[in-house]
Amino acid sequence: MEIPKTYDPKITEDKWYSHWLKHNMFKSVPDEREPYTIVIPPPNVTGVLHMGHMLNNTIQDVLIRKARMQGKNACWVPGTDHASIATEAKVVALLKEKGIRKTDLSREDFLKHAWEWKNKYGGIILKQLEKLGASCDWDRTRFTMEQDLSDAVIDVFIDLYNKDKIYRGVRMVNWDPQGLTAVSDEEVIYKEVNSKLYYVKYKIEGADEWITIATTRPETILGDTAVCVHPADERYTHLKGKRAIIPFVNRSVPIIFDDYITMEFGTGALKVTPAHDINDYNLGVKHQLEVIDTIDANGKMSAAAQFYVGEDRFVIRKKIAKDLEELGQIVKIEDIKNKVGYSERTDAVIEPKLSMQWFLKMDTLSKPALENVLNGEIKLIPDKFVNTYKHWMENVHDWCISRQLWWGQQIPAWYDNKGNTVVCKTKEEALEKLKVKNPSIKIEDIKQDEDVLDTWFSSWLWPISVFDGFKNPDGKDINYYYPTNDLVTAPEILFFWVARMIIAGYEYRGKKPFTNVYLTGIVRDKQGRKMSKSLGNSPDPIELIEKYGADGVRVGMLLCSPAGNDLPFDESTCEQGRNFSNKIWNAFRLIKGWEVDNTAKQPENNAAAVQWFEAKLNEQLLVLADLYSKYRMSEALMTTYKLVWDDFCAWYLEMIKPEYLDGTSLPIDATTYDATIILFEKILKVLHPFMPFVTEEIWHLITPRDEKDCIVISTWPSTTAESPSVITQMNVAMEIITTIRNIRKQKNISPKEKLTLFAKINEDLRVDKYNTIVCKLGNLANYEYVTKKVDNAFSFLLKQTEFYVPLSENIDVEAEKERLQKDLEYNLGFLKSVQIKLANEKFIANAKPELLANERKKQTDAEAKIKAIEAQLTELN
RNA sequence: GGGAGCUUAGCUCAGCUGGUUCAGAGCAUCUGCCUUACAAGCAGAGGGUCACUGGUUCGAACCCAGUAGUUCCCACCA
């Protein structure tokens with residue numbers, strides 16, 4: 001059979017993925033083995049795969065595949081998040097296209113549309129993960145709004161309410177005027193923007209005097225209920241007890257004094273709008289100011305504003321400034337930079353707004369979550385994030401958990417017609433409970449709270465709820481898989497999600513939810529910008545897979561992604577990944593093409609090569625184990641890459657490759673061939689977590705196998721004791737080969753021209769079994785030992801052995817001398833530096849004994865080498 | 001405003017508790033090869049005052065201080 005020259009991912013990827021699924025190779029059920037568990041950070045159900053997911057899920061897949069091969073019961077739980085605000089916004093937009101307004105629909109009808117949408121499009125992202133090769137146990141796919149998970153959310157809410165950790169109250173919250181809901185502090189992103197600072201003068205009541213305030217938000221003037229200055233500010237002390245007149249509305253408001261004011265800012269006088277600024281609100285509470293809510297939920301001026309009613313606050317900002325100017329009340333306008341909060345989900349400017357919301361008290365809940373990260377029970381990788389985590393957890397605010405949306409878990413709070421509230425699961429229960437306070441109540445009088453819970457209030461339970469830990473707290477699954485092992489996620493959601501999962505884990509299982517948190521970097525473009533849909537700078541991962549193959553893209557992503565460092569993504573690394581797939585493919589093609597001689601005895605050089613590569617592989621497996629244990633994924637990949645490309649392909653295969661005679665290939669002896677197959681299969685296994693498809697394809701082509709005998713469930717190669725001498729001996733042979741190649745290059749000798757090599761070597765240093773290898777890879781006709789110098793030959797020195805390569809052309813004696821002289825100087829310098837060290841009493845006194853011994857050895861080695869060079873030089877003269 | 005991190009070759013990064021003349025890897029570059037596994041390849045080579053300044057030390061890319069640049073997190077300055 002003719003094997004194609006290049007590896008074609010298109011004909012292998014779908015084939016193997018469905019094969020794996022067909023044979024349930026990703027499936028996990030509890031058994032006697034040690035579990036290894038990862039729960040996926042559930043992507044938004046509205047999402048499509050982006051580069052961040054690619055990175056994230058590639059890492060998870062590498063970890064899970066490796067664990068599976070190491071004999072653990074690997075379980076990767078996939079799923080999606082209902083993402084209430086994002087999904088609701090999407091459905092609202094979709095309905096709008098059809099000419100339907102959300103307000104025209106009942107809650108039930110809207111939810112019907114939303115579920116329809118979810119059922120139709122909600123699975124896209126999971127399908128895309130299959131393209132990447134993600135080895136999730138798809139039978140365990142969960143959705144944060146499916147029945148069991150929603151039940152868990154509601155139970156937890158009720159439980160926390162009963163524990164007095166949840167309360168309801170009117171607070172200043174972050175209002176998203178586009179999403180029409182409150183959002184939590186964490187969902188507000190502050191950006192620095194260019195603004196204008198308007199200096200506006202207010203008339204002092206009953207006096208021919210004005211006070212000038214400075215504001216960036218003139219549109220809130222209509223809601224002003226005071227002017228505030230610092231008590232120590234002498235400019236304003238005479239205004240004690242006076243009142244100011246608010247423009248347009250002509251409202252008389254008190255001038256109050258509070259040391260909250262920064263006298264240096266603006267004019268030192270602040271307009272106070274308790275309804276639309278958190279600081280002003282606090283001042284209002286303190287000084288018992290009236291609260292006038294002049295901006296409605298949509299960010300438009302409300303009736304209470306009296307003027308500009310129904311117009312957008314930003315339109316009004318300009319208009320009001322112009323109108324004030326006409327009134328002669330604008331003193332000046334300055335350009336300033338300030339920070340404005342934007343909604344994480346809708347990117348609308350956040351409006352501080354007073355409203356009735358539900359909150360979760362975080363102070364005591366967060367304690368164990370902080371402790372157990374600080375004491376290393378839960379590890380953050382890289383650990384620099386511990387600081388950030390600590391800071392957040394120590395300053396954590398109460399969590400606003402209610403959202404004015406329909407898509408999500410509706411808050412299980414029930415109200416009667418007399419202002420009574422109960423929290424419980426069903427309306428019927430609520431009726432019973434309310435009857436206590438309100439005996440005449442009928443079920444029709446009971447209304448459920450309209451709000452739903454923050455999405456994160458469901459996803460913080462994810463590691464428990466995916467295993468039915470709430471429905472069945474003593475169940476087999478939860479007890480077996482929980483705590484999970486590794487969580488792989490982006491640092492952006494460390495507080496949103498990771499911290500809260502830890503809190504929930506301790507609160508509801510009394511145990512951590514996971515042991516290691518691997519925080520990936522953020523994928524950026526070449527200019528360092530974050531990849532995002534709005535910037536359009538993110539390549540489509542699926543297109544990349546089409547172009548380079550899933551294995552190529554996986555390698556490309558991982559090559560440049562140390563934990564926690566941002567990843568400047570460049571498509572060229574995917575190209576490197578694709579080339580690597582091809583390299584492996586061609587190694588297979590070479591081996592597969594050999595003719596095997598079952599009777600031939602294994603030549604000594606082949607035995608040496610096999611022995612060497614076994615040692616090398618063993619050595620690198622130990623390196624890999626160490627790197628994996630430290631979650632150094634890109635280094636583990638690079639180590640694998642070099643092992644395969646350099647050691648296996650460039651050296652080992654070249655060493656044992658049968659020679660060609662008269663246009664036909666000689667057969668290879670069966671011993672070497674069999675050993676090579678075994679080694680190659682080990683190589684494939686080591687590669688498999690990174691490159692599942694190409695390795696599976698070759699796995700089946702290199703050896704005929706049962707269809708159930710897949711590399712996915714093969715066993716990770718074991719290691720033995722190290723044999724460093726084999727490696728160092730071969731290193732010498734390799735060095736000789738490289739030097740000969742170097743000489744060819746320098747002297748312009750064709751690689752085809754056979755050379756002869758003479759070595760003036762000590763008997764005890766000779767290891768003859770490598771000589772044939774040297775001859776083969778150096779393309780030598782002869783390799784002979786001599787006892788004295790060879791004339792008219794290029795010479796070089798390795799490990800105190802002189803080598804000579806006789807050349808047809810005459811040796812340029814002067815050039816040789818010069819080269820040797822340089823070499824001599826280098827070694828003299830080196831010797832000197834060692835001698836200085838050894839002459840230093842303090843060094844002798846302080847250095848570790850093994851270091852000292854090493855230095856002494858260096859000294860004798862250098863001396864010997866110098867002698868050898870000097871001898872060569874005198875011979876030349 | 002507070003805090004954390006980063007700065008090593010053209011690019012992306014290693015360099016563990018200071019100790020080989022210590023400055024490394026991959027990619028890119030350059031040179032020579034269409035050598036029957038692979039030009040998506042082979043062989044070879046060149047590239048860096050380890051951001052800057054000072055200190056500690058027998059010895060500093062590594063420890064300390066300061067400076068500059070840069071990234072991120074937190075915070076209610078109108």
Side-chain angles (χ1 to χ4, degrees), chain A residues 3 5-7 172 190 197 213-217 228 260-262 264-266 269-273 277-282 336 338-339 352 382 384-389 391-392 395 491-492 494-495 522 526 528 552 559-562 564-568 570 572-573 575-576 578-594 630 632 634-635 638-639 641-642 645 649-650 653-654 657 660 663-665 738 741-742 744-746 748 750-752 779 826-827 829-834 836-837 839-848 851-852 854-855 857-858 861-862:
Chain A
I3 305 166
K5 257 174 122 169
T6 49
Y7 167 68
M172 182 69 70
Y190 288 91
L197 184 61
I213 56 90
T215 180
T216 52
R217 303 203 53 196
C228 187
Y260 158 73
I261 298 296
T262 312
E264 292 73 32
F265 188 89
L270 168 77
K271 67 188 257 329
V272 184
T273 325
D277 184 281
I278 177 68
N279 303 302
D280 292 17
Y281 175 72
N282 292 336
I336 62 157
N338 68 340
K339 290 206 171 161
K384 66 176 179 184
F385 286 105
V386 173
N387 271 327
T388 329
Y389 181 85
H391 187 257
W392 189 78
N395 298 287
E492 302 162 290
L494 186 58
F495 307 130
I522 295 165
K526 276 190 195 164
L559 271 175
C560 49
S561 59
N565 271 17
D566 284 0
L567 184 157
D570 185 342
S572 68
T573 61
E575 200 179 320
Q576 197 185 343
R578 179 203 57 184
N579 294 356
F580 189 38
S581 311
N582 201 223
K583 184 73 189 173
I584 300 160
W585 179 255
N586 275 287
F588 154 69
R589 205 158 76 94
L590 174 68
I591 297 167
K592 195 69 187 168
W594 286 335
K630 292 173 181 154
R632 298 186 161 219
S634 61
E635 282 175 69
M638 188 43 74
T639 301
Y641 181 92
K642 284 193 278 190
W645 200 307
C649 293
L653 289 180
E654 291 299 330
K657 189 158 123 183
Y660 281 87
T664 50
S665 167
T738 307
R741 285 169 176 171
N742 197 344
R744 281 183 195 277
K745 180 80 183 172
Q746 272 178 40
N748 235 333
S750 156
K752 285 175 191 157
N779 196 25
Y826 173 90
N827 281 287
F830 177 71
L831 178 64
K832 203 174 160 195
S833 78
V834 178
I836 288 172
K837 240 185 259 182
N840 186 327
E841 281 173 34
K842 288 192 177 170
F843 174 73
I844 306 279
N846 296 327
K848 285 181 209 144
L851 184 72
L852 209 58
N854 197 25
E855 291 294 316
K857 184 170 182 302
K858 267 156 49 181
D861 285 355

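All values derive from a computational prediction rather than experimental measurement. Reminder, nothing fancy here: chain letters follow the sequence lines and each chain counts from 1.
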Report task. Indicate, with a heavy-atom threshold strictly under 4.0 Å, whether N338(A) touches base, sugar-phosphate, or nothing. Result -> sugar-phosphate

Query raised in the report: Any N or O donor-acceptor pair linking the side chain of E575(A) to the base of A28(B) at under 3.5 Å?
Result: no

Query raised in the report: Quick one: is K837(A) getting a side-chain N or O under 4.0 Å of the U21(B) phosphate, OP1 or OP2?
Result: yes

Query raised in the report: Nearest of A14(B), C74(B), G26(B) to any side-chain atom of E635(A)?
Result: A14(B)

Query raised in the report: Can you check the H391(A) NE2 to C73(B) P distance for me, whole Å?
Result: 13 Å

Query - Closest to side chain of T216(A), choosing from A78(B), C77(B), A37(B) - result: A78(B)

**Report entry** Rounded distance (Å) that lies between atom C1' of A37(B) and atom CH2 of W645(A)
**Finding:** 12 Å

Report task. Ignoring backbone atoms, test whether K5(A) places a side-chain nitrogen or oxygen under 4.0 Å from the OP1 or OP2 oxygen of A39(B). Result -> yes

Query raised in the report: For Y826(A), which contact category applies under a 4.0 Å heavy-atom criterion: base, sugar-phosphate, or nothing?
Result: base

Report task. Using whole Å, report how far CZ of F265(A) lies from P of C76(B). Result -> 16 Å

Query raised in the report: With distance as the sole criterion, do the side chain of K745(A) and the base of U31(B) form a donor-acceptor contact below 3.5 Å?
Result: yes

Query raised in the report: Can you find a side chain N or O atom of T215(A) that sits less than 4.0 Å from OP1 or OP2 on A78(B)?
Result: no

Requested in this report: Give S665(A) one of three labels, base, sugar-phosphate or nothing, depending on what nucleic acid heavy atoms sit under 4.0 Å from its own.
Outcome: nothing

Query raised in the report: For U7(B), is chi within 90° of 0 (syn) or not (anti)?
Result: anti

Report summary line: Of A78(B), C76(B), C58(B), the nucleotide closest to the side chain of N279(A) is C76(B)

Query raised in the report: Taking side chain as C-beta onward, heavy atoms only, is Y260(A) less than 4.5 Å from L270(A)?
Result: yes

Query raised in the report: At under 4.0 Å between heavy atoms, what does E654(A) touch on the DNA or RNA strands: base, sugar-phosphate, or nothing?
Result: base

Requested in this report: Just call it for R632(A): base, sugar-phosphate, or nothing, with non-hydrogen atoms closer than 4.0 Å on any strand.
Outcome: sugar-phosphate

Query raised in the report: Base, sugar-phosphate alone, or nothing: which one does R589(A) contact when heavy atoms must sit under 4.0 Å apart?
Result: sugar-phosphate

Requested in this report: Ignoring the backbone of R741(A), work out which of U20(B), A37(B), A43(B) is nearest its side chain.
Outcome: A43(B)

Query raised in the report: Under 4.0 angstrom, heavy atoms only, what part of the nucleic acid is F830(A) near: base, sugar-phosphate, or nothing?
Result: base

Query raised in the report: So which one's nearest nucleotide on RNA chain B is more toward 5', N586(A) or S833(A)?
Result: S833(A)

Requested in this report: Quickly work out the D570(A) CG to C11(B) P distance and round it to whole Å.
Outcome: 13 Å

Requested in this report: Between G47(B) and C11(B), how far apart are the C1' atoms? Round to whole Å, please.
Outcome: 13 Å

Requested in this report: For A40(B), take OP1 and OP2 only and decide whether either is under 4.0 Å from a side-chain N or O of R578(A).
Outcome: no

Requested in this report: Looking at every strand, decide which applies to Y260(A) at a 4.0 Å heavy-atom threshold: base, sugar-phosphate, or nothing.
Outcome: base

Requested in this report: Using the P atom on both, measure G5(B) against G48(B) and round to a whole Å.
Outcome: 31 Å

**Report entry** d(CD, E492(A); C1', C74(B)) in whole Å
**Finding:** 16 Å

Query raised in the report: Side-chain donor or acceptor of S572(A) under 3.5 Å from a matching atom on the base of C27(B)?
Result: no

Report task. Could you check whether N582(A) gets within reach of a base, just the sugar-phosphate, or nothing at all, counting any heavy atom under 4.0 Å? Result -> base

Query raised in the report: N586(A) side chain to N582(A) main-chain N or O, any donor-acceptor pair under 3.5 Å?
Result: yes

Query raised in the report: Taking the side chain from N827(A) and the backbone from A862(A), do they hold a donor-acceptor pair closer than 3.5 Å?
Result: no

Query - Span that lies between the C1' atom of C64(B) and that of U56(B), in whole angstrom - result: 7 Å

Requested in this report: Considering only atom C1', compute the distance from G18(B) to A4(B) and round it to an integer number of Å.
Outcome: 25 Å

Report summary line: Considering only heavy side-chain atoms of N387(A), the closest of A4(B), G44(B), A14(B) is A4(B)

Query - Any donor-acceptor N/O pair, N395(A) side chain to H391(A) backbone, under 3.5 Å - result: yes

Report summary line: Result for 5'-nearest mapping on RNA chain B, choosing between A650(A) and E264(A), is A650(A)

Query raised in the report: Under a 4.5 Å cut-off applied to non-hydrogen side-chain atoms, are K745(A) and R741(A) in contact?
Result: no

Query raised in the report: Does T215(A) use its side chain to pair, donor to acceptor, with the backbone of R217(A) at less than 3.5 Å?
Result: yes

Query - Length of the CG-C1' vector between L270(A) and C76(B), whole Å - result: 11 Å

**Report entry** Options G41(B), G44(B), A78(B), nucleotide nearest the side-chain atoms of T738(A)
**Finding:** G44(B)

Report task. Pull up the glycosidic torsion of G47(B) and say syn or anti, syn being anything within 90° of 0. Result -> syn

Requested in this report: With C1' as the reference atom in both, quote the distance from G66(B) to G44(B) in angstrom, rounded to an integer.
Outcome: 46 Å

Query raised in the report: If you look at every strand shown and take non-hydrogen atoms under 4.0 Å, does T388(A) touch a base, only sugar-phosphate, or nothing?
Result: sugar-phosphate

Query - OP1 or OP2 of G41(B) under 4.0 Å from side-chain N/O of W585(A) - result: no

Query raised in the report: Got E855(A) and K858(A) here, is their nearest side-chain heavy-atom distance under 4.5 Å?
Result: yes

Report task. Mind checking C649(A) for me? I need base, sugar-phosphate or nothing, with any heavy atom below 4.0 Å counting as a touch. Result -> base

Query - Value in whole Å for how far the C1' atom of C77(B) lies from NZ of K339(A) - result: 12 Å

Requested in this report: Just call it for I278(A): base, sugar-phosphate, or nothing, with non-hydrogen atoms closer than 4.0 Å on any strand.
Outcome: sugar-phosphate

Requested in this report: May I ask you to say what K657(A) touches in the nucleic acid, namely base, sugar-phosphate or nothing, with a heavy-atom cut-off under 4.0 Å?
Outcome: base

Report task. Quick one: look up who A68(B) pairs with, Watson-Crick or G-U, both distances under 3.5 Å, and put none if it's unpaired. Result -> U7(B)

Query raised in the report: Between E855(A) (CD) and C22(B) (C1'), how many Å, whole number?
Result: 13 Å

Query raised in the report: Checking all strands, does K583(A) fall into the base, sugar-phosphate, or nothing category for heavy-atom contacts under 4.0 angstrom?
Result: base

Query - N or O in side chain of N827(A) less than 4.0 angstrom from U21(B) OP1/OP2 - result: no

Requested in this report: Kindly compute the distance separating CH2 (W585(A)) from CG (N579(A)), expressed to the nearest 0.5 Å.
Outcome: 16.0 Å

Query - Short side-chain N/O contact to C27(B) OP1/OP2 from Y641(A), under 4.0 Å - result: yes

